[in-house]
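Below, chains carry the letters A, B, ... as their sequence lines are ordered, and counting in each starts from 1.
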2 protein chains.
Amino acid sequence: MKFGNQPSYSLGQRSASTKEALAGEGGNVTLVSQSTLGEINRGRVLQALYDNGPKSRAELARLAGVNRTTITGIVQPMIEEGLLVEGDAVPSDFKGGKPARPIYFNPEAPMLGAVLLLPGRIQTCLVTLSGEIKALTKAEFDPHGDRDMFLTIIKDTLSVTLAQAHQAPFGIGIASGGMIDSDNGVILAVNLAPVLTGLPLVDILQKHFSLPVVIDHHPRALLVGDRWFGPGRGQQTFAAIYTGEVLGGAFYIDGRVYRGLAGSGGELGHTVVQIDGELCNCGKHGCWETVAALPWLRREAARQGMENPETVTCARLVKGAAEGSEAADGLLDRYTRNVAFGILNLQQTLSLNSYVLHGDIAGGGVDAAERVRQHVERLVRKRPNQEISITVNGIGEGHTALRGAAGLVLSSHLKLVI
Amino acid sequence: MKFGNQPSYSLGQRSASTKEALAGEGGNVTLVSQSTLGEINRGRVLQALYDNGPKSRAELARLAGVNRTTITGIVQPMIEEGLLVEGDAVPSDFKGGKPARPIYFNPEAPMLGAVLLLPGRIQTCLVTLSGEIKALTKAEFDPHGDRDMFLTIIKDTLSVTLAQAHQAPFGIGIASGGMIDSDNGVILAVNLAPVLTGLPLVDILQKHFSLPVVIDHHPRALLVGDRWFGPGRGQQTFAAIYTGEVLGGAFYIDGRVYRGLAGSGGELGHTVVQIDGELCNCGKHGCWETVAALPWLRREAARQGMENPETVTCARLVKGAAEGSEAADGLLDRYTRNVAFGILNLQQTLSLNSYVLHGDIAGGGVDAAERVRQHVERLVRKRPNQEISITVNGIGEGHTALRGAAGLVLSSHLKLVI
DNA sequence: TAAGTTTGTGCGAAGTACAAACAAACTGAT
DNA sequence: ATCAGTTTGTTTGTACTTCGCACAAACTTA
């Protein structure tokens, strides 16, 4: 039998700019080998522990639909290694039987280093495998200052934190504001902190501390934090949305963090919701960020003649509305509606059905979330049996981001998710 | 050691509507078993053949980075089964060596049934595993007519096609316009064909033909068609965009078709790009569809006093612009710019970097695509080394959709992609 | 004709998941 | 107090898959 070299009906025309994308002959096929299989399953068992808390071997086996012996085989080496520990026996639910020995992360196991990097301020801490935050250290830096000065500050701050670990942590995770190239570990640009522009922070810290270092942008850390111990726990699909001085987001899709090429997915602030809208600092008009972040809120508050418009927040509006202020209520309604438009677009695009709010809008608590939800419900094209959940993470922004930063290490270094 | 039942810092508050999503205790963890591993790898080898055309065992092994014997082990049973065939020996590139025996899909292997269902018309055909279209049959139906009449027509049409297969096909794939619940195989609603509303077509045809049947919405079939033998071939990440009477899209993300919950992802037509824009038939204002589909184009053509505005198409505008018409050029520019806004939003959200155009806009050929690309480039927040490709599929819409419909069967039935 | 190269195939080793059987630990009825 | 019943976790052997090595087959080049 004779084959044409390529089927002849591949007639699609490509614009000139995609030579290498056409290559195809790269490593785009990867078979799963026997050894990676073990690694995958190990990761999934850990994931099950994160999602469900301490569980016995038998419970884990039921949860994962595998044989009990398989779980034993996976779990035993990790116990011997000191990563996991067996807890006290817990009498079984009813009707007797041998008591179960729940398994969870060893408090004595190595921890994770976490860094939260926002314009002007740094927070570093250690995070245990069970999500506890320790050795929190804070520092400030001049966002317009000298790069070496900044590097000294961040190294010193991290050193103070890491010194409190009783053994070397698994690695260091960084959550940073701005535009991040997470593949190459470079901060591409942070509008409010020019000193960070183009900084290859991962390389620098990796060399300095001799530890694995990963970086990702702030909303994605919030997402991981949500997934780990927040409202995203156990969910397979949801998004995290952050509003503040800027607006950003991140997605958890089918059980994994979505990054996009070079980690550039989720730059939602600059999706357009009003083609001929206000000029955005990105040069476009009518970006979502121009109508659903703090600058808009301040501007509108000022226009309405509200008191102290420069310090208005969603929290204040919720309080004002609850106290009967029509102005606050009206502005809150418009604000939440504007937030809803971006979520609506996301919903129509990806149909994630679940959204966790962070930042200023989360400051508005359940009230604000419920208003957003109602706006989304009203706007979205409903399907049968489709319910959309809008949630706020009540843990507190900083902690979620730090936990998330630590979680980034887990998912990259421990290959927790395939 | 004693564990708290759940870590106490899980304080996230959830809106009331997510009881079951919170459950977590379901089958959300799945370990990969030994036998599924084989299935996965078998699927990936097939995928490699689709992506790269006929290849020898040795080449496949190099492509996938695995041992040659592994490929033999995977491929041999499929050859014996008649799914694949060994081609004539091809002398190796240079420097001698034993000639390679390329392997590809057996033309005698079972084919795939494909149905394209658009308001008022049906196309059915058989598709070989190497993508050839056979036994194409067409029929029409009354979109506002009787349901039983419609069912008779589609069954008859499919029967005519299937009768020409020399053996039972693997299954039947349906690409349908409108809103589809691909999980349950139900057509939820087609604006222009009320007869289809709520029709459980998968169940009906599955019973009638005793074959596996899958359905998905039209843009997703285009996507699969693109991936199979169009511009998306070998790509790991891209989107298909369809513009016509309506506007829709679908995504291929990290090597798999993205569906979203109940297959409701990609309803891009009703993402909002102009909050206070024109009223859309969905009830919202300023949906992308209101500014980037044929109804807008006709309306604007009429407003400009263009001749025969009711038959204007992108193709005609491109022709007019090439012939020096300023009116055509101007309208084409606005049209492509409007299309670009939706792509821009997608790019900011998912960063797919590659988009394949279909439908009316694809009728404008490379010229239209290039205009769209330039608008997107101008609008998007550039990152270093990021190139955005906008492509049209030149094969012809119907064929791509039919191949895609067939491809749907492959990906679901043969588990071609995990 | 011989050396070199590449392809495809046996064969045994290693790693993983699974099924069956069993000891351990607990409950509850007799 | 004893025994049946239940659940947990382990032991043992089996099945499946990939990998490395060795080798025959087929071709080119000197």
Residue closer to the 5' end of DNA chain C, A:G38 versus A:N67 (nearest nucleotide): A:G38
A:R259 with A:D216: basic N within carboxylate O range, under 4.0 Å: yes
Nearest-Å distance for atom pair CG/P, residues A:L84 and D:dG9: 14 Å
Of B:T69 and A:R62, the one whose closest DNA chain D nucleotide lies more 5': A:R62
C:dT9 phosphate, OP1 or OP2, under 4.0 Å from B:R57 side-chain N/O: yes
Whether A:R233 side chain and A:Y50 backbone form a donor-acceptor pair below 3.5 Å: yes
Whole angstrom value for the distance that separates C1' of D:dT7 from CZ of A:R101: 14 Å
Phosphate contact (D:dT18 OP1 or OP2) by B:N41 side-chain N/O below 4.0 Å: yes
Side-chain (B:R227) to main-chain (B:G407) donor-acceptor, under 3.5 angstrom: no
Between P of D:dT18 and CD1 of A:I40, the distance in whole Å: 12 Å
Check: B:R44 side chain, B:A64 main-chain N or O, donor-acceptor pair, under 3.5 Å: no
Between C1' of D:dC19 and CD1 of B:I74, the distance in whole Å: 12 Å
Distance-only donor-acceptor test (3.5 Å): side chain A:R68, base D:dG9: yes
Per B:P99 side chain, nearest of listed nucleotides D:dC27, D:dT18, D:dT8: D:dC27
Whole-Å distance separating the CZ atom of A:R44 from the C1' atom of C:dA17: 15 Å
Euclidean distance, atom CD of residue B:E80 to atom C1' of C:dT9 [Å, nearest integer]: 13 Å
Exam field: side chain A:D226 to backbone A:G232, donor-acceptor pair closer than 3.5 Å: no
Phosphate-side-chain proximity, B:T72 and C:dG8, N/O vs OP1/OP2 below 4.0 Å: no
Atom-to-atom span, CD1 of A:I103 to C1' of D:dT10 - whole angstrom: 13 Å
Rounded interatomic separation in angstrom, taking NZ from A:K55 and C1' from D:dG9: 18 Å
N or O in side chain of B:Q76 less than 4.0 angstrom from C:dT9 OP1/OP2: yes
